[in-house]
Protein chains: 2
Amino acid sequence: MGASLKDIACKLNLSKTTVSWVLSGQGDKKGISAETQSRVLACARSLAYEPNLLARSLNTGVSKTIGLILPSISDTFFAHIADRIESEAEREGYSLMIAGSNSEPERENALIRLFRSKKVDGIIIAPADASGREVGRLAESGCPVVLFDRCLAKTDAGCVVIDNEAGSHALVRHLAARGFRKIAIITTFPHLPTMELRHRGYLRALAEAGLHADPRLYGEVAYAGYRQHVCDTLDRILATVPDTDGFFFTTHILATEALRYFHDRGIDISDGRLGLACMHEDPLFRLAAPRMSVARFPVEEISAHAVRLLLRQIRESQSPGSVRPAPESVVLPCRMEFRDE
Amino acid sequence: MGASLKDIACKLNLSKTTVSWVLSGQGDKKGISAETQSRVLACARSLAYEPNLLARSLNTGVSKTIGLILPSISDTFFAHIADRIESEAEREGYSLMIAGSNSEPERENALIRLFRSKKVDGIIIAPADASGREVGRLAESGCPVVLFDRCLAKTDAGCVVIDNEAGSHALVRHLAARGFRKIAIITTFPHLPTMELRHRGYLRALAEAGLHADPRLYGEVAYAGYRQHVCDTLDRILATVPDTDGFFFTTHILATEALRYFHDRGIDISDGRLGLACMHEDPLFRLAAPRMSVARFPVEEISAHAVRLLLRQIRESQSPGSVRPAPESVVLPCRMEFRDE
DNA sequence: CTGAAAGCGCTTACAG
DNA sequence: CTGAAAGCGCTTACAG
């Protein structure tokens with residue numbers, strides 16, 4: 001392995017203390033002679049000294065690492081979030097440990113414990129476990145934690161979400177205003193607050209437009225094997241209510257699969273006879289479904305706020321007379337893009 | 001913070017040694033009495049003991065963490081790779097530290113040093129620095145390292161790549177066979193071996209088809225601000241050679257931008273008068289450009305091989321009388337999908 | 001101006 | 001069957 005402080009100290013007949021001070025830039029403050037300092041620096045360079053950050057962390061209790069737990073790393077939304085969070089974190093000197101929960105509470109809880117054991121300074125998580133058991137324990141124990149995308153009612157952790165209800169409502173209201181009457185909703189993970197809010201926005205828009213919320217137009221898709229499930233669900237809805245004239249998708253993943261379904265079934269979505277709307281988006285939606293309206297999620301803001309809230313918590317928890325601050329939460333508006341005008 | 005071994009030892013009037021042995025499952029082997037063992041276990045549970053993995057790593061020299069350095073975390077290709085690598089790694093008990101180099105050699109080198117300092121057990125990297133200075137140093141110093149996507153000629157690290165030359169060649173040959181004569185190439189990062197191979201495959205296919213490699217049909221796009229650059233480049237090519245009848249894109253990112261360009265310019269790509277081909281793909285290509293042929297990258301295999309090669313190196317480096325094994329490399333074929341028949 | 005010493009929380013020879 | 005001790009590589013009071 002590489003050289004250690006001790007190696008340098010031995011070689012120079014100095015104490016580890018002196019070497020440590022010089023190398024950590026406290027040479028002047030501690031009054032180490034200029035000559036000694038340059039000797040240390042030169043020796044460190046010649047031995048290609050790199051500090052063992054594990055040792056430093058063990059000593060200081062600060063790992064300069066944050067943990068990020070996502071339902072899926074490859075989902076474009078989460079991948080972009082991870083990208084931005086990594087940049088923001090890195091700018092502040094933090095590295096990122098990342099893991100995918102696959103939306104399984106068991107895995108999520110195991111990952112939380114693992115990250116704590118690895119002594120991350122804080123955790124950013126898009127929780128899959130609506131019960132939030134482990135997340136709650138995390139916050140209680142004083143570990144800095146910020147939730148995003150999905151908030152948990154019970155937990156008093158910091159949280160960053162978009163205004164799901166407003167976004168859904170705006171999309172569905174727009175569909176209704178364009179004259180679509182039988183608007184189906186395709187959704188998943190209905191037990192998550194996020195998804196419930198999107199459903200609620202849909203229902204409110206229907207009610208305001210004087211439309212009946214036909215249960216036959218409710219399509220719920222299980223996450224595992226969702227590709228097939230989307231097809232089955234659309235088949236079922238179109239068979240039961242053949243004159244369905246609109247679809248509201250609660251995620252871009254569901255919309256993507258539905259577009260493939262329409263394409264494969266030869267259902268034309270370009271003539272505007274079908275009203276389409278989707279929470280979040282994909283760069284290619286504009287081409288593959290030019291008339292689908294979307295509520296874009298502000299990925300940059302979400303990431304920036306998440307990191308900001310977490311760093312604030314971390315700083316508070318590391319400063320001496322710290323009282324745990326009231327956890328701050330942020331609700332961000334979607335950027336609406338109505339595309340069928 | 002949480003309880004430590006010492007806390008348990010004190011509480012039970014035992015030594016840290018005994019507690020450590022019981023908790024690490026060596027109780028029977030070390031002949032600790034059943035009663036002591038259950039007292040330790042019970043106490044650990046009641047104190048919610050979780051081992052400090054930093055301390056363990058510092059002691060054992062094994063961090064059970066691997067570093068992943070990608071040009072971009074949000075690029076769908078790399079995001080999928082990260083997802084798979086994380087799964088594979090987790091299954092073997094490893095966590096993932098992830099970072100984006102933004103294809104900047106300086107950042108990449110800094111990240112490599114940082115990860116080494118954080119004592120990752122090995123690094124998987126899609127190198128941006130064609131010179132491979134830091135990567136070479138890494139391999140020489142005995143740190144397990146596996147490259148993927150982009151190989152470096154000089155380095156003797158393990159490597160996993162697709163057959164770039166064959167994939168490009170097959171795509172362009174196919175375009176030529178369909179009768180397209182003026183096939184442009186749109187590429188980026190031309191100094192990277194990967195991209196050079198894709199260019200070479202293009203050139204070979206042209207030559208074999210008796211087509212002239214018109215330099216005016218060569219479009220090179222800078223990474224920074226590539227959106228605008230793609231448009232400018234296509235503008236330039238179509239202005240210079242108005243009867244350009246084919247486009248070969250060396251990455252899915254470039255193809256995506258080009259599709260937007262065609263869409264915005266009102267250029268019809270659905271009638272088959274323009275031959276299109278692309279290295280890698282996007283799930284929505286089938287809808288947005290149904291006739292574009294693609295060479296799909298085997299993401300799962302790439303990830304599986306990368307992790308496998310890295311773990312092998314890690315095990316060798318950790319086993320006692322280890323001679324550094326000859327670094328193994330893997331070349332995987334693309335999955336061709338010719339879509340315009 | 002510089003150093004000896006304790007400690008972060010583990011693991012693991014070594015000793016009894 | 002159990003424990004005292006050293007060590008992983010740092011940082012940081014404390015002392016001179």
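Every chain is numbered from 1 and lettered A, B, ... according to where its sequence line falls, protein lines coming before strand lines.
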Rounded to the nearest Å, what distance is computed from the CD atom of residue B:Gln26 to the P atom of nucleotide C:dT12? 6 Å
For C:dA13, which nucleotide in any strand shown is its Watson-Crick or wobble partner with both distances under 3.5 Å? none
Are B:Glu50 and A:Arg116 within salt-bridge range, i.e. N to O under 4.0 Å? no
Pairwise C1' distance for C:dT2 and D:dT12, with rounding to whole Å: 14 Å
By the definition side chain to side chain contact (heavy atoms under 4.5 Å, CB included), identify the one residue from B:Ile124, B:Asp149, B:Ile302 that meets it with B:Val160. B:Ile302
From the list D:dC10, D:dC8, C:dT11, which nucleotide is the closest neighbour of the side chain of A:Arg56? D:dC10
Let me know the distance between CH2 of A:Trp21 and C1' of C:dG3, rounded to the nearest Å. 8 Å
Considering every strand and a 4.0 Å limit on heavy-atom distances, what is the contact class for A:Leu54: base, sugar-phosphate, or nothing? nothing
Atom-to-atom span, CG of A:Asp7 to P of D:dC10 - whole angstrom: 9 Å
Just to confirm, is there a sub-4.0 Å distance from OP1 or OP2 of C:dG3 to any side-chain nitrogen or oxygen of A:Thr18? yes
Give the rounded distance in Å between these two atoms: NZ of B:Lys16 and C1' of C:dA13. 15 Å
Minimum-distance nucleotide to B:Leu58 side chain [options: C:dG9, D:dG3, C:dT11]: C:dG9
Rounded to the nearest Å, what distance is computed from the NZ atom of residue A:Lys6 to the P atom of nucleotide D:dA6? 13 Å
If you look at every strand shown and take non-hydrogen atoms under 4.0 Å, does A:Asn13 touch a base, only sugar-phosphate, or nothing? sugar-phosphate
OP1 or OP2 of C:dA4 under 4.0 Å from side-chain N/O of A:Thr17: no
What integer number of Å spans the C1' atoms of C:dT11 and D:dG3? 14 Å
Measure CG/A:Leu5 against P/D:dC10 and give the value in whole Å, please. 4 Å
Would you give the length of the straight line joining atom OG of B:Ser95 to atom CG of A:Leu111, rounded to the nearest 0.5 angstrom? 8.0 Å
Considering non-hydrogen atoms only, spot the tightest contact between A:Lys118 and B:Ser63 and give its length. NZ-O, 3.3 Å
Residue-phosphate contact under 4.0 Å: B:Ser20 side-chain N/O, C:dT11 OP1/OP2: yes
To the nearest angstrom, the CG-P distance between B:Leu12 and D:dT2 comes to 11 Å
Base, sugar-phosphate or nothing for A:Leu53? Non-hydrogen atoms, less than 4.0 Å. nothing
Hey, is the side chain of B:Thr36 poking within less than 4.0 Å of OP1 or OP2 on D:dT2, counting only N and O atoms? yes
Find the distance A:Asn59:CG to D:dA13:C1' and express it as a whole number of Å. 12 Å
Do B:Lys64 and B:Glu92 sit within salt-bridge range, that is, some charged N less than 4.0 Å from a carboxylate O? no
Between A:Lys11 and A:Leu47, is there a side-chain heavy-atom distance shorter than 4.5 Å? yes
Is there a side-chain contact between B:Ser15 and the phosphate of D:dG3, meaning an N or O under 4.0 Å from OP1 or OP2? yes
